[in-house]
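The structure appears right after this line, and notes come after that.
Letters A, B, ... mirror the listed sequences (proteins, then strands); counts begin at 1. Any value given below was found using the heavy atoms of this structure, including those in side chains, with hydrogens, waters and symmetry copies removed.
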2 protein chains.
Amino acid sequence: MNQHASHKPDYEKELRRAGVRITRPRKVILRILTETDDHPDAMEIFQRASAVDSSISLSTVYRTMKLLEEMGAIHRHAFEGGRARFEQADGDHHDHLIDIDTGDVIEFHSNRIEELQEEIARALGYDIVHHRLELYGRKRRRT
Amino acid sequence: MNQHASHKPDYEKELRRAGVRITRPRKVILRILTETDDHPDAMEIFQRASAVDSSISLSTVYRTMKLLEEMGAIHRHAFEGGRARFEQADGDHHDHLIDIDTGDVIEFHSNRIEELQEEIARALGYDIVHHRLELYGRKRRRT
DNA sequence: GTTTTTATTGCAAACGATTTGCAATTGCAT
DNA sequence: ATGCAATTGCAAATCGTTTGCAATAAAAAC
């Protein structure tokens, strides 16, 4: 079990390679994504983007997120409660611990758990395509 | 790791005790719930209920599910894709393996994984309030 | 640098799942 | 039976997200 590492992907390069136009709204949204380390939802990204260029629409945020998701550049998470939240897809797989009071997300990874999941699926006659492990918790008060 | 057990809750008794009226729509929905062993969504329950009494509305299905959920009699699961799915809350906790081709749900439980989750949360300074572990897989083809 | 081509945009409307306000109905305690 | 609050069905509202469309702007072609 350990916390995660770093990142600094060049989305524009990736997008160009994918034959996609680098527009002003996209530039803004991409910068927001690279500069952020939390797990914002579309509305938060939209607001941060609006601050830079108030003409950017929520639709464009959604469209851009979908585009990046399809390219595998970001991950979309449907944690409990309203909106989907996004994060950059920097190689390493991890699961999430969500602070139910603040909404904060802490990433973690456990090889042991992954192994056990595989074992279980195998025993049931399945291959895991993907999985979802989310812990919803509350900060422990010092005793 | 093991599969789960049985059930046969008397919802009507529980409801009466909770001071709730046993109406015709509720009777029908409750019977459907006790008779089913899968993880139906509201629309499926609605259709099964309609077959018995075509005047039952989808709203009532939703309202009844919420009622039962608040009583702790059923669990609501937001698996990937559209609608929430429900299952009777028969004591034992378990997680789910979802067949991505058929939508079938297989229940499983692993003490080892639960322990590891606790460990991880503790190490991060959290108490787990609840968690969500879902494996999305595909039936292994015999090799 | 200008024109052309076509992807991308913003907007408003559509979407699907779920919830809700309301007036009509119904359990059920009397 | 009677009365009244709980429950219903319906239609409309909600929320997050997607979509059609005409207008706009990348970037390709000149």
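Annotation: proximity of residues 74-86 of chain A to DNA chain C (heavy atom, distance under 4.0 Å) is found for no residue. Of the residues in residues 54-66 of chain B, those lying under 4.0 Å from DNA chain D by heavy-atom distance are Ser55(B), Ile56(B), Ser57(B), Ser59(B), Thr60(B), Arg63(B).
Nucleotide dT25(C) holds its C1' atom 14 Å from the CG atom of Asp53(B), rounded to whole Å. Between the CD atom of Glu69(B) and the P atom of dT18(C) there is a distance of 11 Å, rounded to whole Å. Remark: P of dA17(C) and CD1 of Ile45(B) are 14 Å apart, rounded to the nearest angstrom. One can place CG of Leu15(A) at 16 Å from P of dA7(C), the figure rounded to the nearest angstrom. Spacing between atom NZ of Lys27(B) and atom P of dA6(D) amounts to 19 Å, rounded to whole angstrom units. If you measure from atom CD1 of Ile29(A) to atom C1' of dT9(C), you get 11 Å, rounded to the nearest angstrom. Rounded to an integer number of Å, the gap from Leu30(B) CG to dT7(D) P is 12 Å.
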Given protein heavy atoms under 4.0 Å, the one-letter contact record of nucleotides 24-30 of chain D, with B base, S sugar-phosphate only and - none, is simply -BBS---
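By the neighbour-count criterion of 12 heavy atoms within 6.0 Å, atom CZ of Arg24(A) is sparsely surrounded, having that number or fewer from other residues, nucleotides or ligands.
Note: His77(A) and Phe79(A) have parallel aromatic rings, judged against thresholds of 30 and 60 degrees for the angle between ring planes.
Of the two residues contacting DNA chain C, namely Asp41(B) and Gly19(A), the nearest-nucleotide position lying further toward the 5' end is that of Gly19(A).
Side-chain heavy atoms closer than 4.5 Å link hydrophobic residues (I, L, V, M, F, W, Y) into clusters, and following such links, even through other members, never connects Val105(A) to Ile32(A). No continuous path of ILVMFWY side-chain contacts below 4.5 Å connects Leu124(A) to Tyr136(B), so the two sit in separate hydrophobic clusters.
Proximity of a side-chain donor or acceptor of Thr34(A) to a complementary backbone N or O of Arg31(A) within less than 3.5 Å is detected. No donor-acceptor pair under 3.5 Å is formed between the side chain of Arg132(A) and the backbone N or O of Leu133(B).
Residues Arg83(B) and Glu44(B) have side chains not in contact (no heavy-atom distance under 4.5 Å, counting atoms from C-beta outward).
The pair Glu118(B)-Arg122(B) fails the salt-bridge criterion, with no side-chain N (NZ, NE, NH1 or NH2) lying under 4.0 Å from an Asp/Glu carboxylate O.
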- [ ] Test salt bridge (charged side-chain N to carboxylate O under 4.0 Å, His left out) on Asp38(A) and Arg48(A) and set out the steps.
- [x] CA-CA 13 Å; Asp38(A) 53 359; Arg48(A) 296 181 202 180; 3.2 Å; yes
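Summarising the geometry, atom CD1 belonging to Ile113(B) is positioned 12.5 Å from atom CD belonging to Glu119(B); distances are rounded to the nearest 0.5 Å.
Of the candidates His75(B), Glu114(B), His109(B), Glu114(B) is the only one forming a side-chain hydrogen bond (donor to acceptor under 3.5 Å, both in side chains) with His93(B).
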